Amino acid sequence: MKKNEALRALPKIDEVLKQHLISDFIGEKGKTVVTEAARRVVESRRKAILLMDQDELDALDPESLTPEAVADQVAEAVRAMDKNHLYPVINCTGTILHTNLGRAPLCRDAVENVARVAEGYSNLEYDVKEGRRGSRHSIIQDLLCEITGTEDVMMVNNNASATMLVLSSMAAGGEAVVSRGELVEIGGAFRIPDIMEQSGAVLHEVGTTNKTKPSNYENAINEETKVLMKVHTSNYKIMGFTEEASLEDLVKIGREHDLPVIFDMGNGLMLDLSQYGLDEPNVPAAMATGIDVILFSGDKLLGGPQAGIIAGKRKYIEKMKKHPLARALRVDKMTFAAMEETLKKYRDRETALRDIPILHMISQSPEEMKGRAAMLAHMISEISPELEVEVTDVEDQIGGGSAPMVFLPGSAVAVRSRSMTTDAMERALRKNSVPVIARIKDDRLLLCVRTMENGEVEKVACAFENIR
Ligand SMILES: *Cc1c(COP(=O)(O)O)cnc(C)c1O
């Protein structure tokens, strides 16, 4: 074929748009989108032809230049344009609160409630009974009081916002006493000393990195002191020759000096999970010490949506609700919808462990995981004799900067291929229609089953089918 002939054979955009396949697309995606895709496809075909030498032109299939063939390409281009930038992946890393993978998956009832509430209008700030304006803060109030024994509660965007709001409303213009061993950096630019400065409070450090005694707090108290603060060192552990003041110690000192005590707990663990190796403070237990204000995350170990929850004495929370920052940090109806359903699960320990995905992942039995790993190993080995497959023990992690020293004994499927490098296999799995995220250890691909849902096991096996 000559270059001129090929260029002339390319269909006009109008011709492409008249194709059957395309008119359906126009109805669904809109004329602008499809016309633009058609223009781009035709233009790129034209440029490609202009660059072709005679050999390439001779190899050009005239069938690929028909309006039907170009319409097919346009449809493909529209589909590619339509792909979301945020989409599900399968977490085979065994890290439960994987921050890069969106932390906590929501429980089914929370997802359904979000859809229900988001689809139409709701009583977000409307008191239906009285027929007047209501408050969004009252939505999770009763539930949280029931579960944790708190007086009052407020929800903000995340625990970082909660820290900001609590310090701004309770410590600005004065001093907050914090142990040197608890000046946490969470990640990003979130460091307790910086947040303190932003909030207008002055950080009064006490003790040393490894030892802080109750008397250190007591001796630091002066006329400028506004609060005593304890921060849970959720993402690191100081070991060896150590001492820290307990919440009870701080509450006692606070009472004696008429100063409020704040606890930044970081994660929002609601249950005692020590039987699963998780030796972390939990919200109801911390509340029971008589602490004035406690703040924690809505997703880290609580298993709900991203949020920060502030719970405690009414006189402090009321003030926060009226603080100018409250409006800037307030959360959306979808977060409330997800949080309420998640919190309802905590009315019964067994229900929470069964229905909240991250709690189920933490508490599932080794036998259950071994069984699932065996099933996955079997499915993968059936796919190709090129794959060496073995069930192996692994140590899974909580993640999300929580409980860094906790290793949960779990099961994984280790895969090596005789025809492909492990790196190439890992990359190929990430390109699956639902990307499979796995890790590599000792040149084997590790697929940890703790963080997979039952339905995902088969999808992971199918992903191997596609990379053969
Ligand atoms: C994780 C954490 C935060 C930040 O919580 P986000 O919900 O991620 O904003 C603050 N303080 C502590 C102690 C934490 O562990």
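Counting starts at 1 for both ligands and their atoms, in listed order. Source: prediction; values computed, not measured.
- A cation-pi contact links Lys83 to Tyr87, judged by a cut-off of 6.0 Å to the six-membered ring centre and 45° from its axis.
- Under the side chain to side chain contact (heavy atoms under 4.5 Å, CB included) criterion, Asp332 pairs with Met334, Thr335, not counting sequence neighbours.
- In this structure, a donor-acceptor pair under 3.5 Å is present between the side chains of Glu280 and His232.
- In summary, of the residues considered (Glu318, Lys319, Met320), a side chain to side chain contact (heavy atoms under 4.5 Å, CB included) with Lys322 occurs for Glu318 alone.
- The residues Lys313 and Asp152 are annotated as not salt-bridged, no charged nitrogen and carboxylate oxygen being separated by less than 4.0 angstrom.
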Mind listing the N or O contacts between ligand 1 and protein, cut-off under 3.5 Å?
| residue | atom | partner | partner atom | Å |
| --- | --- | --- | --- | --- |
| ligand 1 | 7 (O) | Asn159 | N | 3.0 |
| ligand 1 | 8 (O) | Arg103 | NH1 | 3.1 |
| ligand 1 | 8 (O) | Arg103 | NH2 | 3.0 |
| ligand 1 | 9 (O) | Asn159 | N | 3.2 |
| ligand 1 | 9 (O) | Ala160 | N | 2.9 |
| ligand 1 | 11 (N) | Asn159 | ND2 | 3.3 |
| ligand 1 | 11 (N) | Asp264 | OD1 | 3.3 |
| ligand 1 | 11 (N) | Asp264 | OD2 | 3.0 |
| ligand 1 | 15 (O) | Ser234 | OG | 2.3 |
| ligand 1 | 15 (O) | Lys300 | NZ | 2.8 |

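- Evaluated for a side chain to side chain contact (heavy atoms under 4.5 Å, CB included) with Thr451, the options His98, Glu456, Met361 yield exactly one hit, Met361.
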